[in-house]
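Taking it in order: structure first as structure tokens, then the write-up.
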Amino acid sequence: MKNCLQLGSMLKGKKIVLGITGSIAAYKACILIRLLIKQGAEVQVVITPAGKEFITPITLSALTHKPVISDFFNQRDGSWHSHVDLGLWADAMLIAPCTASTIGKMTHGIADNMLITTYLSMKAPVLIAPAMDLDMYAHVSTQENIHLLCERGVTIIEPGSGFLASTLEGKGRMQEPEIIVDELVDFFAKRDGKLKGQRILITAGPTYEKLDPVRFIGNYSSGKMGVALAKECIAEGAEVELILGPCSLSLPKSSLLHVTNVENAAQMHHVATSLYPNCKAGIMCAAVADFTPSECADEKIKREGEQLVLRLNPTKDIAADLGKIKTPEQKLCGFALETHNALEHANEKLQRKNLDMIVMNSLQDEGAGFQCDTNKVSIITTDETVSLPLQSKQDVAREIINKFLL
Ligand code: CTP
């Protein structure tokens with residue numbers, strides 16, 4: 001099963017100057033360009049002479065659909081490449097990979113190539129993804145230069161580490177392209193997002209209600225819809241409290257995302273009720289078990305007798321309980337997955353749980369519901385019911401966030 005979600009267009013219309021320098025990690029620039037373009041960005045590559053030793057401009061221009069800039073003058077007609085115009089054109093300059101040498105030149109204004117002159121003329125924010133040998137990265141000169149760049153407002157995308165995480169030692173390898181793009185999305189979201197400063201609670205995924213040490217009662221929820229919602233909120237600069245039942249999705253790396261992993265309905269209820277009072281809104285996307293075994297056996301239940309009778313107790317309804325403590329300043333959105341009389345049941349839940357909106361999907365619709373990457377929903381409020389076409393869960397998430405929060 002594929003775990004990745006279609007990402008949507010978190011960098012739509014953003015103009016990025018991508019600086020590439022002479023590191024072996026330059027080959028990863030191709031993946032980076034692809035990801036940036038997939039997110040809707042326009043990419044102009046500026047490469048250093050050393051960068052061209054590692055990757056050819058032909059590959060890069062084919063990916064970006066733009067000639068690569070590396071010299072001060074166009075070799076063919078002698079025309080001038082204007083670093084000043086690039087500085088005005090860009091929404092951000094990203095230098096990835098960024099070598100120790102380029103970091104040094106940036107710090108001290110040594111403008112001996114097109115990339116550094118572009119940097120010095122740059123009006124937009126600058127982000128760098130350092131890439132070098134471990135010792136070079138840890139060297140005091142590099143660290144001092146990075147510190148100075150940081151103080152001047154350059155954003156440093158921390159290199160990854162091999163085996164020794166979270167210490168300076170062992171770091172140096174350029175951060176993975178996926179993470180660089182996540183950080184860039186984060187950067188724009190925090191600066192321009194319509195939900196910046198707001199905290200949103202999202203429950204997602206299934207719950208597992210334990211029967212014995214090796215078995216549980218669960219459901220098919222993959223958590224994809226909830227994670228798609230979290231991504232959309234983050235892209236608008238909101239801080240997200242994601243309460244996630246057991247699932248194996250890869251989550252966006254964002255300082256705006258706080259994840260609490262839970263296993264069962266009781267834990268989800270506990271975390272949700274304690275976090276909701278500090279949130280602007282809640283989106284109850286989790287497929288919470290309605291019943292839990294009245295007791296969990298200490299030992300594995302053996303295959304004995306003619307029948308096994310399980311005794312189940314109702315779980316607490318998280319959405320309904322948040323509906324009870326909701327203040328006039330807060331909002332609450334629920335989901336309703338129905339198999340029959342969908343509209344009627346969804347409307348009843350909207351009232352009963354004191355929700356402001358309910359997103360209804362029907363298992364009768366092909367391509368909707370658990371596990372798949374698409375969904376077909378109707379968005380219901382007390383005023384209206386809007387039915388949306390079958391689309392990716394990411395696009396559905398965008399529509400929900402637009403209607404509910406923007
Ligand atoms: N929900 C919840 N806590 C529960 C059960 C449901 O927070 N213990 C939330 C879900 O996250 C969803 C909404 O309530 O947002 C509706 O869930 P659903 O399972 O469709 O409704 P139920 O109230 O459980 O009703 P039923 O199962 O009878 O359809």
Side-chain angles (χ1 to χ4, degrees), residues 200-210 216-230 233 240-247 260-277 279 281-294 312-326 330-365 368-371 375-382 385 393 396-397 400-401 403-405:
I200 313 295
L201 176 79
I202 299 175
T203 64
T207 63
Y208 286 0
E209 309 300 321
K210 224 168 162 180
F216 59 84
I217 298 175
N219 59 65
Y220 292 119
S221 170
S222 62
K224 285 180 182 174
M225 194 62 234
V227 172
L229 286 162
C233 290
V240 172
E241 291 287 356
L242 179 65
I243 312 176
L244 193 58
C247 60
T260 309
N261 290 106
V262 296
E263 182 171 287
N264 57 40
Q267 289 165 354
M268 194 175 268
H269 183 274
H270 176 75
V271 180
T273 46
S274 64
L275 291 177
Y276 187 56
C279 292
I283 307 177
M284 307 288 98
C285 188
V288 189
D290 287 326
F291 290 91
T292 189
S294 58
L312 306 174
N313 291 336
T315 56
K316 288 184 187 166
D317 190 322
I318 304 165
D321 285 354
L322 297 192
K324 282 181 199 147
I325 59 172
K326 187 175 74 169
Q330 287 179 302
K331 289 203 232 176
L332 194 58
C333 171
F335 272 70
L337 177 64
E338 307 293 346
T339 55
H340 60 288
N341 295 343
L343 255 179
E344 193 186 312
H345 284 131
N347 267 304
E348 182 274 323
K349 284 173 195 173
L350 180 78
Q351 305 296 333
R352 176 164 50 89
K353 304 192 188 206
N354 192 24
L355 306 172
D356 302 285
M357 179 185 276
I358 193 154
V359 180
M360 180 198 86
N361 47 15
S362 168
L363 271 189
Q364 278 169 354
D365 289 322
F370 288 158
Q371 298 291 336
N375 208 354
K376 186 171 183 301
V377 304
S378 296
I379 298 180
I380 304 168
T381 60
T382 41
T385 298
K393 283 192 173 168
V396 172
I400 294 169
I401 298 305
K403 271 209 159 313
F404 184 50
L405 298 171

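Atoms within a ligand are numbered from 1 in the order they appear, just like the ligands themselves.
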| With respect to atom 5 (C) of ligand 1, which of Ile318, Asp321, Thr315, Asp290 exhibits the smallest heavy-atom separation? | Asp290

| message | If you take the nearest heavy atom of each of His345, Glu338, Lys349, which one is closest to atom 29 (O) of ligand 1? | response | Lys349

| With distance as the sole test, does Gln267 use its side chain to make a donor-acceptor pair with the main-chain N or O of Asn264 at under 3.5 Å? | yes

| remark: Residue, atom and distance of the protein heavy atom nearest atom 11 (O) of ligand 1 read Ala286 O, 2.8 Å

| message | List ligand 1 atoms under 4.0 Å from Ala336, heavy atoms only on the residue side. | response | 20 (O)

| remark: Ranked by distance from atom 7 (O) of ligand 1, the top protein heavy atom is Ala319 N, 2.8 Å

| message | Students should be able to answer this: which protein heavy-atom is nearest to atom 8 (N) of ligand 1, and at what distance? | response | Lys316 O, 3.0 Å

| Does Val288, backbone or side chain, put an N or O under 3.5 Å from an N or O of ligand 1? | no

| said: Only heavy atoms of Asp317, strictly under 4.0 Å: list the atoms of ligand 1 that pass. | reply: 1 (N), 2 (C), 3 (N), 4 (C), 7 (O), 8 (N), 23 (O)

| field | Geometric N/O contact Ala287 with ligand 1, under 3.5 angstrom | value | no

| query | For atom 16 (C) of ligand 1, which protein heavy atom lies nearest, and how many Å away is it? | reply | Phe335 O, 2.8 Å

| remark: Between Ile380 and Ala346 the two heavy atoms that sit nearest each other are CD1-CB, 3.7 Å

| task | Could you tell me the residue and atom name of the protein heavy atom closest to atom 23 (O) of ligand 1, and the distance to it rounded to 0.1 Å? | result | Lys353 NZ, 2.5 Å

| remark: Heavy-atom closest pair (Ser221 atom, Asn219 atom, distance to 0.1 Å) is N-OD1, 3.0 Å

| task | Please work out whether any backbone atom (N, CA, C, O) or any side-chain heavy atom from C-beta onward of Ile358 is under 4.0 Å from ligand 1, and answer side chain, backbone, both or neither. | result | neither

| message | If you compare all heavy atoms of Ala286 against all heavy atoms of Ala204, which two are closest, and at what distance to 0.1 Å? | response | CB-N, 3.6 Å

| note | salt bridge (Lys or Arg N to Asp or Glu O under 4.0 Å) test vs Asp317 passes for just one of Lys349, Lys353, Lys324, namely Lys353

| field | Verdict with reasoning, Phe335 to Met225, per side-chain contact (heavy atoms from CB on, under 4.5 Å) | value | CA-CA 10 Å; Phe335 272 70; Met225 194 62 234; 3.9 Å; yes

| said: Counting C-beta onward and ignoring hydrogens, is there a side-chain heavy-atom pair between Thr207 and Glu209 closer than 4.5 Å? | reply: yes

| message | Tell me whether the rings of His340 and His345 are parallel (<30°), tilted (30 to 60°) or perpendicular (>60°). | response | perpendicular

